[in-house]
2 protein chains.
Amino acid sequence: MIEIAIYNDYQLGLETLTKLIADIPDFRVTLSSRNIEELTQSLKKRKAHILVYSLPDDSLKNLIQISQLKVAFPRMSILILSQNDGDEIIMKAVKSGARGFLGKDSNTNDLKEAILTLRNGYEYFGNSITKIVLNRYITSLDTPEQLPANEIKQLSARQIEILKLWGQSLSNQEIADKLYISVRTVETHKNHIMQKLNLKSTVDMVKFAIKNNIIEI
Amino acid sequence: MIEIAIYNDYQLGLETLTKLIADIPDFRVTLSSRNIEELTQSLKKRKAHILVYSLPDDSLKNLIQISQLKVAFPRMSILILSQNDGDEIIMKAVKSGARGFLGKDSNTNDLKEAILTLRNGYEYFGNSITKIVLNRYITSLDTPEQLPANEIKQLSARQIEILKLWGQSLSNQEIADKLYISVRTVETHKNHIMQKLNLKSTVDMVKFAIKNNIIEI
DNA sequence: ATCAAATTACGTGTTTTACGTAAGTGAATG
DNA sequence: CATTCACTTACGTAAAACACGTAATTTGAT
């Protein structure tokens, strides 16, 4: 049984999508929401395996939300549905951490397949899309940066929380007080973050946090 | 006597502009260059009161250069000449630290007046432009951030140098070794930066450096 | 039920930051 | 020419943060 959360800011779209997915065997819709705040809160209580996220036509700021969801719920895969499937939007979706993308020509069967693919730990970007992603990815490899078999590891919610507070210029002591934990624990969290991400200095940690929309510049 | 440096990447433009300004009484052109690197080096040896900077039509990265010149030579006022005088470009020029702007309709008299105005410590943005700047400025005031009569102070070249190295994740000791100074001095420089800019934490210092193109994210 | 990761926390030694003080240099100004 | 002001250099002392190791408990996933 695959547990699925659905986001769509358009009520009718949300309803039809929910019904569609709920009717597929082995798929269970555990959450459907039109509101990101609500979605986030509910996800904290009940995790989902997959988030199906309908991208409104306009929006770019939604991709920031996706980044944030991605860091908050690292084990959840995000599948984006979008009417607009231009190169730009797909690349941005990939960058913000989506693991799948379904363009305007996708059908129900594609949706089902995408969810299953994500559930098995793979990415899903429709056939025509794959080559775009691949091309750009290969291009990006030309840049001679060392990435020594080093996957981008994900932070835990708590780690992100600490990073966020620290990024707002709070001292370790202030963070500790706010979260009712020891200063030593705050330090430990920060140490873990640095180890996990293989960062050399706190400066790098700030940069990481900015790049990943964890703190505001 | 006002000492003026001129930048224009177009040779013919540089020559005519230089000649024009040099012919104005009390104005002395001490430097004219088509190359930013050369300009920066020469300015280190001989400071100018005013830099007249001709903005190429296309360029946005030039505005980054202006930011950098501004921090490197805080006492020098930068006057921008630009064929393109849309809202966008003006606002960016202001943000990058230019103290004056002359659009496509300006004449020689305006140029002279602008230079004199800057020399007296004021800003010069042609009449039609002033209201744009003002409007946006007022809008920005709506954001309830505390700015307690606190002007944005400029860093010295040395301070920027330290900030830049530190922003590349070097430790104080490494910076000290690189610059052949004591660790204590590096610390002092950083303290001065924090005091001058009224920053609460090193996190803020990183943010400042990023915002001002001193370090790369 | 079991195994991995997350959260909590301490010990110890080094580095950085906070804040004050201070000498020497150079540019600006009256 | 004297004065003033910012800049660069540097030290002293105490507090805070960081590096690195260890470890008990809890939570999650399979």
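These numbers come from a predicted model, not from an experiment. Quick note on labels: first sequence line is chain A, next is B, and so on, each numbered from 1.
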> What closest approach, in Å, do A/N35 and A/Y7 show between heavy atoms, and which atom pair accounts for it?
Replying inline: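 Looking at all heavy atoms of both residues, the shortest contact is N-CE1, 3.9 Å.
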>> For a quick test of reading the model, state the closest non-hydrogen atom pair linking B/Y53 to B/L69 and the distance between them.
In response: CE1-CD1, 4.3 Å
Between [N] ([atom2]) and [X] ([atom1]): distance, integer Å:
X      : N     : atom1 : atom2 : answer
B/I175 : D/dT8 : CD1   : C1'   : 16 Å
A/L179 : C/dT8 : CG    : C1'   : 12 Å
B/K196 : D/dC5 : NZ    : C1'   : 12 Å
B/Q159 : D/dT9 : CD    : P     : 10 Å
A/I160 : C/dA6 : CD1   : P     : 11 Å
A/I162 : C/dA6 : CD1   : C1'   : 11 Å
A/H189 : C/dT7 : NE2   : C1'   : 5 Å

Do the charged groups of [X] and [Y] touch, with an N to O distance under 4.0 Å?
X      : Y      : answer
B/E187 : B/K190 : no
A/E161 : A/K164 : no
A/E3   : A/K47  : no

> Quick one: what's the B/S/- string for nucleotides 11-20 of chain D, heavy-atom cutoff under 4.0 Å, read 5' to 3'?
Replying inline: BBB---SBBB
> Which letter, B, S or -, goes with each nucleotide of nucleotides 25-30 of chain C from 5' to 3', with contact meaning a protein heavy atom under 4.0 Å?
Replying inline: ------
> Does OP1 or OP2 of D/dC7 have a side-chain N or O of B/H192 closer than 4.0 Å?
Replying inline: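 Checking B/H192 against D/dC7: no side-chain N or O falls below 4.0 Å of OP1 or OP2.
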>> Using OP1 and OP2 only, check whether a side-chain N or O of B/S156 sits under 4.0 Å from D/dT8.
In response: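 Affirmative; the distance criterion is met.
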>> Using only atom types and a distance under 3.5 Å, with no angle test, would you say the side chain of A/S171 pairs donor to acceptor with the backbone of A/E174?
In response: yes
> Does a side chain donor of either B/N191 or B/Q195 reach within less than 3.5 Å of an acceptor in the other side chain?
Replying inline: no
> Would you say the side-chain atoms of B/K196 and B/Q159 include a donor-acceptor pair closer than 3.5 Å?
Replying inline: yes
> Is any side-chain heavy atom of A/L17 less than 4.5 Å from a side-chain heavy atom of A/V29?
Replying inline: no
